[in-house]
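Only one structure is covered here, and it is reproduced in the block below.
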Amino acid sequence: MQKVYSSAVESIAGLLADGMTIMSGGFGLCGIPSALIEAIQLSGVNGLTIISNNAGVDGAGLGLLLESRQISRMVSSYVGENKLFAQQYLAGELQIEFNPQGTLAERIRAGGAGIPAFFTKTGVGTSVAEGKEVRRFNGEEFVMETALFADVALIHAWKGDFEGNLVYRKTARNFNPMMATAAKTTVAEVECLVSTGSIDPDQIHTPGIFVSRIVHVPDPEKRIEQRTVRRLAEETV
Amino acid sequence: MQKVYSSAVESIAGLLADGMTIMSGGFGLCGIPSALIEAIQLSGVNGLTIISNNAGVDGAGLGLLLESRQISRMVSSYVGENKLFAQQYLAGELQIEFNPQGTLAERIRAGGAGIPAFFTKTGVGTSVAEGKEVRRFNGEEFVMETALFADVALIHAWKGDFEGNLVYRKTARNFNPMMATAAKTTVAEVECLVSTGSIDPDQIHTPGIFVSRIVHVPDPEKRIEQRTVRRLAEETV
Amino acid sequence: MAWTREQMAARAAQEIRDGFYVNLGIGIPTLVANYVPTGIDVRLHSENGMLGMGPFPLEGEEDPDLINAGKQTISELPETSFFSSADSFGMVRGGHIDLSILGAMQVAENGDLANWMIPGKMVKGMGGAMDLVAGVRRVVVVMEHEAKSEPKLLKECTLPLTGRGVASLVITDLAVFEIDKNSGRGMILRELAHGVALEEVREKTRASFVECL
Amino acid sequence: MAWTREQMAARAAQEIRDGFYVNLGIGIPTLVANYVPTGIDVRLHSENGMLGMGPFPLEGEEDPDLINAGKQTISELPETSFFSSADSFGMVRGGHIDLSILGAMQVAENGDLANWMIPGKMVKGMGGAMDLVAGVRRVVVVMEHEAKSEPKLLKECTLPLTGRGVASLVITDLAVFEIDKNSGRGMILRELAHGVALEEVREKTRASFVECL
């Protein structure tokens with residue numbers, strides 16, 4: 001069971017095909033699989049459908065794949081931070097399917113957990129529910145949403161072992177754990193690669209069964225989108 | 001936000017009413033809220049619907065509430081270890097609704113997560129699917145299952161802080177995390193009560209938002225149903 | 001003599017009860033955290049996967065792995081817990097968050113709320129707004145009474161909805177309206193901002209409302 | 001000269017490939033762990049919330065918080081992880097477990113499987129069996145060929161089903177049958193136990209099967 005690859009490029013080798021669907025973890029630029037996204041850019045694969053909460057910013061994260069015009073469709077909840085996105089969308093080069101953030105998270109979790117569809121109150125009475133079944137339970141209306149599943153999931157974790165067990169750090173967890181479960185092949189970049197047995201088994205966020213390939217990316221560059229600070233005297237925001 | 005109660009009896013005071021629905025964590029006798037079950041027995045409340053994977057054994061766990069005839073209905077996946085259960089069931093004093101274990105777990109998770117219903121392949125073509133909607137997705141059949149929600153959930157955790165954040169230990173986790181989310185009021189007994197801030201926030205299994213009341217039960221009696229051991233020379237089971 | 005942004009935030013903070021779990025939106029709602037009354041213990045939820053959100057970090061203590069839903073650097077507190085987006089929206093959808101305070105472009109007299117898109121303009125997406133308005137137990141809207149002299153309190157929203165019948169209270173720079181979503185009788189005017197005349201509110205409000213000051 | 005329980009378990013162990021995640025049922029399937037060929041790396045899943053299940057503990061090292069789905073005390077390994085029952089059955093239902101080896105009362109030629117209740121007898125419940133047979137990628141049944149001289153390999157199950165069209169391979173004390181679930185052509189007899197005559201298998205099998213030894 002050899003899961004560790006020596007570089008991001010090698011870790012995705014043999015997995016890619018034009019037109020495939022890729023999930024990419026992260027919220028904003030927090031917890032995104034930067035090294036794996038760069039490897040996707042290098043591969044030149046195109047016509048991609050990307051499932052990701054956001055689309056990066058110009059020059060970082062999925063913004064890289066927009067620059068190289070490798071993405072033809074996005075499934076996201078918010079793509080506000082990216083000029084290139086707007087340009088390509090308005091030029092008709094890029095399709096977008098907006099999902100409410102919680103619905104997106106739940107559709108991915110459902111995909112990994114063998115749930116083909118579920119009902120949620122989110123979006124009832126809005127354009128999100130158009131064309132979807134709406135049904136009453138206990139007198140309230142709910143809309144049916146279906147599962148998402150990808151060919152490949154790209155994950156960023158803080159710590160991983162040789163078994164593929166993963167631990168995330170703070171709000172860099174976000175979409176990564178569900179995406180790790182909802183793809184044919186899951187590739188994880190980890191900031192710390194540790195020996196199997198050194199992570200407390202009660203504190204593993206993603207069990208190794210979900211992770212096929214791991215690559216060690218020490219000290220990844222992490223950008224901050226909105227640097228907000230307080231002065232020492234201030235108590236609150 | 002005072003959540004800590006000084007005894008199991010006090011921790012459930014004011015929550016009980018005849019005929020109510022209670023979720024009780026644990027798998028077999030592992031990770032069951034023993035002290036809280038004893039407090040329920042002392043309270044004398046009856047006509048209970050209990051949602052729990054198992055029904056304890058004679059003299060322990062939910063077996064106590066069977067002895068005192070406080071349960072009128074169980075929602076479970078397996079109740080094999082209990083003579084009293086069989087007697088009361090055959091005498092018509094006890095109703096039972098069997099759920100496949102994974103369906104039971106998912107119905108509870110759905111109840112906590114605002115999902116009124118979902119589709120699963122488990123049970124299609126069996127008596128479990130009788131009277132339920134069966135629908136095709138991608139050429140395969142799935143049965144619709146609905147959410148479970150309780151008035152009170154009784155939880156056993158290893159560690160808890162004053163905020164209600166919980167950590168479980170090994171396979172004593174089982175149904176506890178989902179049940180903690182799926183009741184109007186969740187009461188947790190914890191083996192170790194620690195100060196808020198002493199649990200790593202990345203390693204909290206159940207965030208305090210789900211826990212209304214906590215009671216410290218140090219050194220609870222833990223029974224083993226099937227004590228199996230190997231001799232030193234043996235490598236495997 | 002309308003309320004300032006700070007006064008609107010302070011008024012919204014009065015909706016917070018001791019022990020509440022609260023989600024604050026971007027803009028004026030963010031300021032609400034500064035006006036939580038002393039003695040009121042509140043836990044802030046950030047839908048990207050955090051409960052017990054702390055203030056902005058001190059200079060030099062920013063952590064790129066620790067941001068809020070507005071992508072701003074923040075800090076943690078002793079009671080903080082982190083979890084996945086699925087678990088986070090499970091909390092929201094499951095009705096575990098007591099209060100959501102957020103901004104809006106339009107609110108209708110039946111509680112319909114619009115705050116995510118303007119037809120013809122580039123759509124950025126709804127983010128977590130639809131989940132929050134549908135799932136959180138009580139939704140309080142804080143917004144200007146008018147946008148460029150256009151009323152925002154309407155009989156029916158003209159913009160695409162974020163949620164149907166979801167708003168319970170609207171706090172504007174001029175007044176505070178309650179919405180009894182089940183009655184179908186429109187809004188109830190509960191308060192006027194200091195120095196604002198009832199006449200001005202009547203003029204600038206398209207939603208029908210009863211006065212119960 | 002039928003196979004012993006140990007020989008059946010050893011035959012079942014040959015279905016395990018390197019890197020497989022496997023769930024073993026109670027009874028003969030539990031023995032399979034003893035016959036995993038050297039050089040084959042396998043991870044055992046226990047549906048009560050554990051991956052990387054180790055052997056029974058040494059005397060004195062039993063931990064009441066560490067049991068398998070049969071409620072037996074077990075041990076952990078370096079690769080072990082623990083998770084909730086919801087996550088555990090998410091793995092099962094989502095098709096992440098490669099192989100399930102379990103016992104049965106009856107198997108029909110179309111792969112229908114019955115192993116949870118006998119009408120008229122006290123029903124104990126299906127536990128996780130329905131989830132496992134429906135969700136795991138490949139289901140291998142290990143069972144006696146007959147029960148008290150009653151055939152267990154049938155044209156149609158007479159007992160209430162655990163799953164419809166779920167079994168892929170049946171290993172009995174007499175023979176090994178493959179089931180091509182999509183063909184509708186019945187079972188395929190693949191192997192005879194050492195010293196067992198084809199005639200005996202024909203006699204004791206109600207399911208139609210083609211011989212492809």
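Proteins get letters first, then strands, A, B, ... in listed order; numbering begins at 1 in each.
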Do [X] and [Y] make a side-chain contact, defined as non-hydrogen atoms from C-beta onward lying under 4.5 Å apart?
X: C/Lys71; Y: A/Asn54; value: yes
X: C/Trp116; Y: A/Ser127; value: yes
X: A/Phe98; Y: C/Lys124; value: no
X: C/Ile67; Y: A/Gln226; value: no
X: C/Met130; Y: A/Gln101; value: no

Leading residue by heavy atom contact count with chain C [cutoff under 4.5 Å; candidates [options]]:
options: A/Leu90, A/Asn99, A/Ile96; answer: A/Asn99
options: A/Arg169, A/Arg223, A/His205, A/Glu225; answer: A/Arg169
options: A/Ala172, A/Gly123, A/Pro177, A/Cys30; answer: A/Cys30

In this structure, are over 12 heavy atoms from other groups packed under 6.0 Å from [X] atom [atom1]?
X: C/Lys155; atom1: NZ; value: yes
X: A/Tyr89; atom1: OH; value: no
X: C/Arg137; atom1: CZ; value: yes
X: C/Glu156; atom1: CD; value: no
X: C/Arg206; atom1: CZ; value: no

At a 4.5 Å cut-off on heavy atoms, which part of A/Tyr168 comes close to chain C: side chain, backbone, both, or neither?
neither
Side chain from CB out, backbone as N, CA, C, O: work out which of these in A/Asn82 comes under 4.5 Å of a heavy atom of chain C, or both, or neither.
neither
Donor-acceptor under 3.5 Å ([X] side chain, [Y] main chain):
X: A/Thr171; Y: C/Asp65; value: yes
X: C/Arg93; Y: A/Gly102; value: yes
X: A/Thr228; Y: C/Gln72; value: no

Less than 4.5 Å to any heavy atom of chain A: does that hold for the side chain of [X], its backbone, both, or neither?
X: C/Val166; result: neither
X: C/Ser46; result: neither
X: C/Asp112; result: neither
X: C/Glu61; result: neither

Between [atom1] of [X] and [atom2] of [Y], what distance do you get to the nearest 0.5 Å?
X: A/Thr103; Y: C/Met126; atom1: OG1; atom2: CE; answer: 8.5 Å
X: A/Thr122; Y: C/Leu132; atom1: OG1; atom2: CG; answer: 8.5 Å
X: A/Arg227; Y: C/Glu59; atom1: CZ; atom2: CD; answer: 8.0 Å
X: C/Leu161; Y: A/Thr126; atom1: CG; atom2: OG1; answer: 7.5 Å
X: C/Ser85; Y: A/Glu106; atom1: OG; atom2: CD; answer: 11.5 Å
X: C/Asn48; Y: A/Arg173; atom1: CG; atom2: CZ; answer: 12.0 Å

Quick one: of [options], who has the most non-hydrogen atom pairs under 4.5 Å with chain A?
options: C/Pro160, C/Gly49, C/Gly165, C/Ala86; value: C/Ala86
options: C/Thr80, C/Val123, C/Asn68, C/Asp87; value: C/Val123
options: C/Ala129, C/Ala69, C/Gly90; value: C/Ala69

Taking all non-hydrogen atoms of both residues into account, name the closest pair between A/Lys121 and C/Ala134 and its distance.
CD-O, 3.0 Å
